[in-house]
There are 2 protein chains.
Amino acid sequence: MLWVKLSRKCATMAEPKTIVNPLFLREDDLRQAIELLFFAYRDFTARGDAILARQHFGRAHHRILYFVGRYPGIPVGDLLDILNITKQSLSRVLSQLVREEYVLQKPGTRDRRQRLLYLTDKGKTLERELTSEQRMRFAAAYKDAGAVAVEGFRKVMLGIMDAKARKRFLSPFET
Amino acid sequence: MLWVKLSRKCATMAEPKTIVNPLFLREDDLRQAIELLFFAYRDFTARGDAILARQHFGRAHHRILYFVGRYPGIPVGDLLDILNITKQSLSRVLSQLVREEYVLQKPGTRDRRQRLLYLTDKGKTLERELTSEQRMRFAAAYKDAGAVAVEGFRKVMLGIMDAKARKRFLSPFET
DNA sequence: CGATTATGTCAGCACTGTTGACATAAATCG
DNA sequence: CGATTTATGTCAACAGTGCTGACATAATCG
């Protein structure tokens with residue numbers, strides 16, 4: 001549309017970056033960082049949302065499928081910690097996934113209060129469909145960017161996360 | 001909570017990268033990438049959401065304030081392009097911001113159909129409060145990660161974005 | 001002038017997150 | 001054992017955000 005006019009105003013957005021002093025972070029660099037994250041996340045999630053809409057599902061369904069697939073047998077409480085939402089929010093979506101047989105619940109053996117979560121075959125299929133698009137996206141981006149860039153990406157993302165999440169990410173065996 | 005137990009199960013997440021199978025490594029790297037983006041975005045937006053909740057606002061309000069602050073005088077259509085939402089979705093939030101005097105609308109001079117958007121002082125204040133937290137987050141992350149990592153982050157994020165958005169980001173003068 | 005464009009609005013629906021209240025079963029502690 | 005805590009679930013209400021569909025106005029354009 002009026003992207004040309006708009007673009008004139010954001011000329012600084014794409015000026016050649018010859019980063020001289022990393023400690024002197026310009027306002028514009030930080031704005032650009034915010035926008036990179038915004039646009040990347042926006043496009044990263046867009047196709048998954050479209051797939052989910054077919055099933056009358058939303059992004060929350062994908063998140064559950066993803067993390068249950070990632071940690072088969074995960075208790076509900078751990079999932080809540082990962083997602084940082086209330087049990088009521090989780091319950092609505094999770095019970096739907098259980099009812100429609102994407103997710104299976106088994107009582108815990110050590111602690112029989114727990115409901116351990118597993119993907120059914122149906123759940124695995126949908127999870128794969130959703131996540132594979134995102135993996136391909138990262139595979140392409142990683143390949144284009146190169147190993148050094150990937151390590152840089154990792155560092156910056158870890159720096160953006162809260163200390164708690166970063167700690168978990170880096171030393172999962174820690175109490 | 002049960003993070004210890006969970007952690008046992010996600011051992012692959014942080015195991016030293018000495019595993020031989022290259023296919024497994026690749027899969028795991030990509031999963032890790034997805035999770036880095038998820039956790040970073042989750043924590044990146046959390047504090048802003050809390051601030052917005054005070055004003056009975058949501059993330060959409062922040063996005064409008066942000067981009068109007070970024071491109072003063074932006075027409076509504078351009079904002080729609082940036083946000084990738086429908087005019088109805090935008091309108092609900094934008095008219096609220098206009099009504100409560102965070103955003104000012106002026107008819108365009110060249111094209112009087114357009115409503116050019118500007119932040120009021122009130123809007124600037126709130127935008128600054130919201131964005132400054134995010135800028136500080138990136139400032140700290142960038143500082144810790146170093147210049148090389150920042151460039152890597154940029155590359156990967158650009159690779160994740162859709163080609164259209166990447167093009168705009170990289171060559172804003174292009175038609 | 002007729003068609004298109006920029007913008008707005010009303011209505012309805014769906015997903016997702018919140019708070020508050022209440023409930024059950026199992027583990028834990030004194 | 002009995003009291004308490006923990007893990008989980010559920011009902012209800014409310015708010016924010018995105019969508020579709022339909023309709024409206026004013027300005028621009030050919």
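Order of the sequence lines fixes the chain letters, A, B, ..., with proteins taken first and strands second; residue numbering starts at 1 for each chain. FYI, side chains are in, hydrogens and waters are out, and symmetry mates aren't considered; it's all heavy atoms of this structure.
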_Checking contacts here: which listed nucleotide (dA27(C), dG12(C), dT18(C)) is nearest the side-chain heavy atoms of Arg92(B)?_
dG12(C)
_With a cut-off of less than 4.0 Å, is there a side-chain N or O of Ser91(A) near OP1 or OP2 of dG9(D)?_
no
*To the nearest Å, give me how far apart CD1 (Ile82(B)) and P (dG18(D)) are.*
14 Å
_Nucleotide dT18(C), atom C1' - distance to CD1 of Ile85(A) in whole Å_ = 11 Å
_Is there a side-chain contact between Gln105(A) and the phosphate of dG9(D), meaning an N or O under 4.0 Å from OP1 or OP2?_
yes
*Shortest side-chain distance from Arg63(A), nucleotide among dT18(C), dA26(C), dT16(C)*: dT16(C)
_Starting the side chain at C-beta, find the nucleotide from dG16(D), dT17(D), dA26(D) nearest to Val93(B)._
dT17(D)
*Give the nucleotide from the list dA26(C), dT18(C), dA27(D) with an atom nearest to the side chain of Arg112(B).*
dA27(D)
*Listed nucleotide nearest any side-chain atom of Lys87(B), set dT10(D), dA22(D), dA7(D)*: dA22(D)
_So, under a plain 3.5 Å distance rule, would you say the side chain of Gln88(B) forms a donor-acceptor pair with the base of dG21(D)?_
yes
*Between Leu90(B) and Leu90(A), who's closer to the 5' end of DNA chain C by nearest nucleotide?*
Leu90(B)
*asked:* Rounded to whole Å, please give me the gap between CG in Leu52(B) and C1' in dG17(C).
replied: 14 Å
*dT16(C), dG9(D), dA26(C): which one has an atom nearest the side-chain heavy atoms of His61(A)?*
dT16(C)
*asked:* Between P on dT28(C) and CD on Gln114(A), what's the gap in Å once rounded to a whole number?
replied: 10 Å
*Does His56(A) put a side-chain nitrogen or oxygen below 4.0 Å from OP1 or OP2 of dC15(C)?*
yes
_Integer-rounded Å distance: dC19(D) C1' and Asn84(B) CG_ = 14 Å
*Look at Arg137(A) together with Asp162(B) and state whether they make a salt bridge at an N to O cut-off of under 4.0 Å.*
yes
_Of the options dT20(D), dG8(C), dT18(C), whose atoms approach the side-chain atoms of Thr86(B) most closely?_
dT20(D)
_So if I take every side-chain heavy atom of Arg59(A) and compare against dC15(C), dT16(C), dA26(C), which nucleotide ends up nearest?_
dT16(C)
_Please determine whether a side-chain nitrogen of the Lys or Arg among Glu127(A) and Arg31(B) lies less than 4.0 Å from a carboxylate oxygen of the Asp or Glu._
yes
*Distance, rounded to the nearest Å, where Asp49(B) contributes CG and dG17(C) contributes P*: 11 Å
_Heavy-atom side-chain proximity of Met157(A) to Met161(A) below 4.5 angstrom_ = no
*Return yes if the base of dT5(C) and the side-chain atoms of Arg113(B) contain a donor-acceptor N/O pair under 3.5 Å, otherwise no.*
yes
*How long is the line joining CG of Asp81(B) and P of dT5(C), in whole Å?*
14 Å
_Whether the side chain of Arg154(B) engages the backbone of Leu36(A) through a donor-acceptor N/O pair (distance < 3.5 Å, no angle test) should be reported._
no
_Separation of dG17(C) C1' from Ile64(A) CD1 (nearest whole Å)_ = 12 Å
*Could you tell me whether the phosphate oxygens of dT17(D), OP1 or OP2, come under 4.0 Å of any side-chain nitrogen or oxygen in Ser89(B)?*
no
_Sub-6.0 Å ring centroid separation between Phe57(B) and Tyr102(B)_ = yes
*Looking at Lys155(A) and Asp144(B), does any basic side-chain N land under 4.0 Å from a carboxylate oxygen?*
no
